[in-house]
Protein chains: 4
Amino acid sequence: MSNKRERILSAAEVLIASKGFHGMSMQQVAKHANVATGTIYRYFADKETMLRSAHVERLSEVAIAIVAGVDASKPCYDQFSKLWRNTLHYLRANPDSLCYRVQYEASPLFNREEEQQIDERYFKTVLEFFECGRAQGVFRDIPAQLLGFIALENLMLLTQKCTKGCIELDDELYQQLLDASWNAILKR
Amino acid sequence: MSNKRERILSAAEVLIASKGFHGMSMQQVAKHANVATGTIYRYFADKETMLRSAHVERLSEVAIAIVAGVDASKPCYDQFSKLWRNTLHYLRANPDSLCYRVQYEASPLFNREEEQQIDERYFKTVLEFFECGRAQGVFRDIPAQLLGFIALENLMLLTQKCTKGCIELDDELYQQLLDASWNAILKR
Amino acid sequence: MSNKRERILSAAEVLIASKGFHGMSMQQVAKHANVATGTIYRYFADKETMLRSAHVERLSEVAIAIVAGVDASKPCYDQFSKLWRNTLHYLRANPDSLCYRVQYEASPLFNREEEQQIDERYFKTVLEFFECGRAQGVFRDIPAQLLGFIALENLMLLTQKCTKGCIELDDELYQQLLDASWNAILKR
Amino acid sequence: MSNKRERILSAAEVLIASKGFHGMSMQQVAKHANVATGTIYRYFADKETMLRSAHVERLSEVAIAIVAGVDASKPCYDQFSKLWRNTLHYLRANPDSLCYRVQYEASPLFNREEEQQIDERYFKTVLEFFECGRAQGVFRDIPAQLLGFIALENLMLLTQKCTKGCIELDDELYQQLLDASWNAILKR
DNA sequence: GATGAATGAGCTTTCATTCAT
DNA sequence: TATGAATGAAAGCTCATTCAT
């Protein structure tokens, strides 16, 4: 079995986080992944394909991490709290993945249709949670996608600022932020 | 009179938005700005300096746009509403500037100290508004920077998604989002 | 088997001789050496490194050529004559190498310490000859390096003038010049 | 009266000595000479012309310096000694001019016919001295040009090595070198 | 005459991709 | 399958030269 594919994607992610989307070369990826340059092209048609693959695979990973341990039988807030904390935890544990995503989504590689398919495929559970809360009249009467966005997406930029050292957060502040997100989506 | 400097920065912004931070070349910028390649280097020491300048100058512009018409004598919510709508309006009117900023901040060009200075210099008024609301017990008891972040920063990613066509928003939804932001920062 | 490195150095030498130290471009070298531009950079870190390598390798070559067939058991004059004629022969056979050296030594690439090491490493035999003659009281009582300089170095400029067509020399004149060099270093 | 022309030539000389024949730009020359870039082109048709002018004018200067105070009524050796010391003195006082000359003569700018005309025009007196000594049977029976070359030219490379710090010379050694040059050209 | 902003060809160097081994 | 030397287009940047002022 070959773990080369995974090594290559990891190397790309690390390099993009440290050197930026530009400034990462296939040679560097190869060296970092401990494979020959040509080997990359046995797993990916070209650079773009490699970057897309890294993106998709990281998203599927984060999707799993977010819903881990979320118990649909528990109260709505508990589920939300779990989702929020999972997201935070993943982002803090994988700052490279985050850096990568932000740059990817701002890049011309980003493709709306593709992204929608990914969302629907991987984030189904998350969207269903918000859909459900909305149907029960707990959340605002706006698309589930938007609820999810308000509640979780800004964690992305926030964590990035933390990673870069612009903001420092402690448990007390995290609790406040969780509470803020909850209040944001709540119907009144 | 020389508007070349401005033309160059604009061209860079447009190109980054359409082709990504990587994939923008100095030659393209020159062509877009209708100047010779060498001319760029009369205004900026190198590519990095040019990119930094574009970043700083755009931030100063957005800072002015955000606080325009905010009346400190009006009720707190009115001021907030104005700030929020100003931000939204600017972002929608300048999607390129937005795209640029996200990529810049995720890139290795980004420098914490520099950014802090910019924040303090240009966004003083905005931060003061949040500071004031916090002091009066209207907003959560967390740093003003964080209040500002929760309330306004996620507009950035949201507008980006709109621009890319991932989300469609109408006035009714905007009102909901404004309300969500307000509830997020409010003390209870 | 790779003779590319050698082809590249040769091409550089030829081009510098014909177009000058400036006016030689890496592209030209590549074309002349029948390799791609990028290939040069597989063998040399950058232009400067390539130029340095050419210099050192040519010096080691000339050092070997100069002492070829010099028999230490023969009379002093015979040895000197052989050295002098070897030098002359090499320079006439390799006018490009000469042109290159003069320009290299006058350029900012030239580094004293480095040069001293090269001298000591490659021209040991030559210096020893002069040292020996000096010790025996045959040559002037001045540093061997200086004796070598007086006797052989001006052949460099002289041959250059010949190559450029400024001076024309025949065997009779060469004999006179050899004699002049001999008289210059001789103690009286 | 404008001394700009002279300032420009001096600047070029200094820059070439420090940065090499390549690595000197017209912009740098202009800045060094305290004139505008365009101004250079009011005095010289192009870069090549400027470099040629610098060469010719320096040679005329050195020619004057070499024969200064040489008294044709004095004994031959005294005249030679004066010539030799003048040359040495000029070269030591103007290492830049030297550096420049070596590079110029090795460059493609160098032109045989032109050089011959310069020699004949400026170095007439020097050549006549050697011609005369040869006619009187004091010097070797070889062209005056060659006598001059043997006697004085190697001072050029020697001084260059001194300037670069490769060789250290004192008065005692200079006397030896003068003597060596004298013996080299002497008929026996 | 003098200026220096502007030009764009050409420089050194990088890097996505290929292909003989 | 895997390799990595080789490629050459294209990148960032420089600089001899021009020209409107």
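Letters go in sequence order (proteins before strands), and every chain restarts at 1. Heavy-atom basis, side chains included; hydrogens, waters and symmetry copies ignored.
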**OP:** Take A/S25 and A/Q28, measure what side chain to side chain contact (heavy atoms under 4.5 Å, CB included) needs, and give me the verdict at the end.
**Re:** CA-CA 5 Å; A/S25 77; A/Q28 282 168 4; 3.4 Å; yes
Subject >> Touch class at under 4.0 angstrom, heavy-atom based, for A/M50 against every strand present >> reply: nothing
Original post:
What residues, two or more places apart in sequence or in another chain, satisfy side-chain contact (heavy atoms from CB on, under 4.5 Å) together with A/S60?
Top reply: A/Y122
Original post:
Between F/dT14 and D/S25, is there an OP1 or OP2 to side-chain N/O distance shorter than 4.0 Å?
Top reply: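 It does not, given that no N or O in the side chain of D/S25 lies less than 4.0 Å from OP1 or OP2 of F/dT14.
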Quickly work out the [X] [atom1] to [N] [atom2] distance and round it to whole Å.
| X | N | atom1 | atom2 | result |
| --- | --- | --- | --- | --- |
| D/R5 | E/dA2 | CZ | P | 13 Å |
| B/I40 | F/dA11 | CD1 | P | 12 Å |
| B/F44 | F/dT14 | CZ | P | 15 Å |
| C/Y43 | E/dT13 | OH | C1' | 18 Å |
| A/K4 | F/dG4 | NZ | P | 10 Å |
| D/K31 | E/dT3 | NZ | P | 15 Å |
| A/R42 | F/dG4 | CZ | P | 14 Å |
| A/R7 | F/dT3 | CZ | P | 9 Å |

**OP:** Check whether any side-chain N or O of D/T39 sits under 3.5 Å from a backbone N or O of D/V35 as a donor-acceptor pair, and report yes or no.
**Re:**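 Not at all, since once roles are kept as given, no pair shorter than 3.5 Å links the two residues.
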Subject >> Min side-chain heavy-atom separation B/K164-A/R112 under 4.5 Å >> reply: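 B/K164 does not reach A/R112 side chain to side chain.
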Original post:
Under 4.5 Å between any side-chain heavy atoms of D/K47 and D/V29, yes or no?
Top reply: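 A side-chain contact under 4.5 Å is absent here.
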Subject >> Results of salt bridge (charged side-chain N to carboxylate O under 4.0 Å, His left out) for C/R58 - residues two or more places apart only >> reply: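 For C/R58, the residues satisfying salt bridge (charged side-chain N to carboxylate O under 4.0 Å, His left out) (neighbours in sequence not counted) are C/E6, C/E13, C/E61.
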Original post:
Can you list every pair that meets salt bridge (charged side-chain N to carboxylate O under 4.0 Å, His left out) and has a residue in residues 23-44 of chain D, with sequence neighbours left out?
Top reply: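 Salt bridge (charged side-chain N to carboxylate O under 4.0 Å, His left out) check on residues 23-44 of chain D returns no pairs.
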Which side-chain N or O atoms in residues 96-106 of chain D pair as donor and acceptor under 3.5 Å with protein atoms at least two apart or in another chain?
residue, atom, partner, partner atom, Å
D/Y100, OH, D/L51, O, 2.5
D/R101, NE, D/E105, OE2, 2.8
D/R101, NH2, D/E105, OE2, 3.2
D/R101, NH2, D/E153, OE2, 3.3
D/Q103, OE1, D/F21, N, 2.9
D/Q103, NE2, C/A106, O, 3.1
D/Y104, OH, D/R52, NH1, 3.2

**OP:** Dot-bracket for DNA chain E, please, read 5' to 3', with Watson-Crick or G-U wobble pairs under 3.5 Å on both distances, ( ) within the strand, [ ] crossing, | other strand, . unpaired.
**Re:** .||||||||||||||||||||
Could you pull out the protein-nucleic contacts involving nucleotides 17-21 of chain E (nitrogen or oxygen on both sides, under 3.5 Å)?
residue, atom, partner, partner atom, Å
E/dT17, OP2, A/Y41, OH, 3.2
E/dT17, OP2, A/K47, N, 2.9

**OP:** Report the C-alpha separation of B/R5 and B/E57 in whole Å, then their side-chain angles, then the decisive distance to 0.1 Å, and conclude whether the salt bridge (charged side-chain N to carboxylate O under 4.0 Å, His left out) test is met.
**Re:** CA-CA 11 Å; B/R5 201 189 131 91; B/E57 279 163 51; 2.2 Å; yes
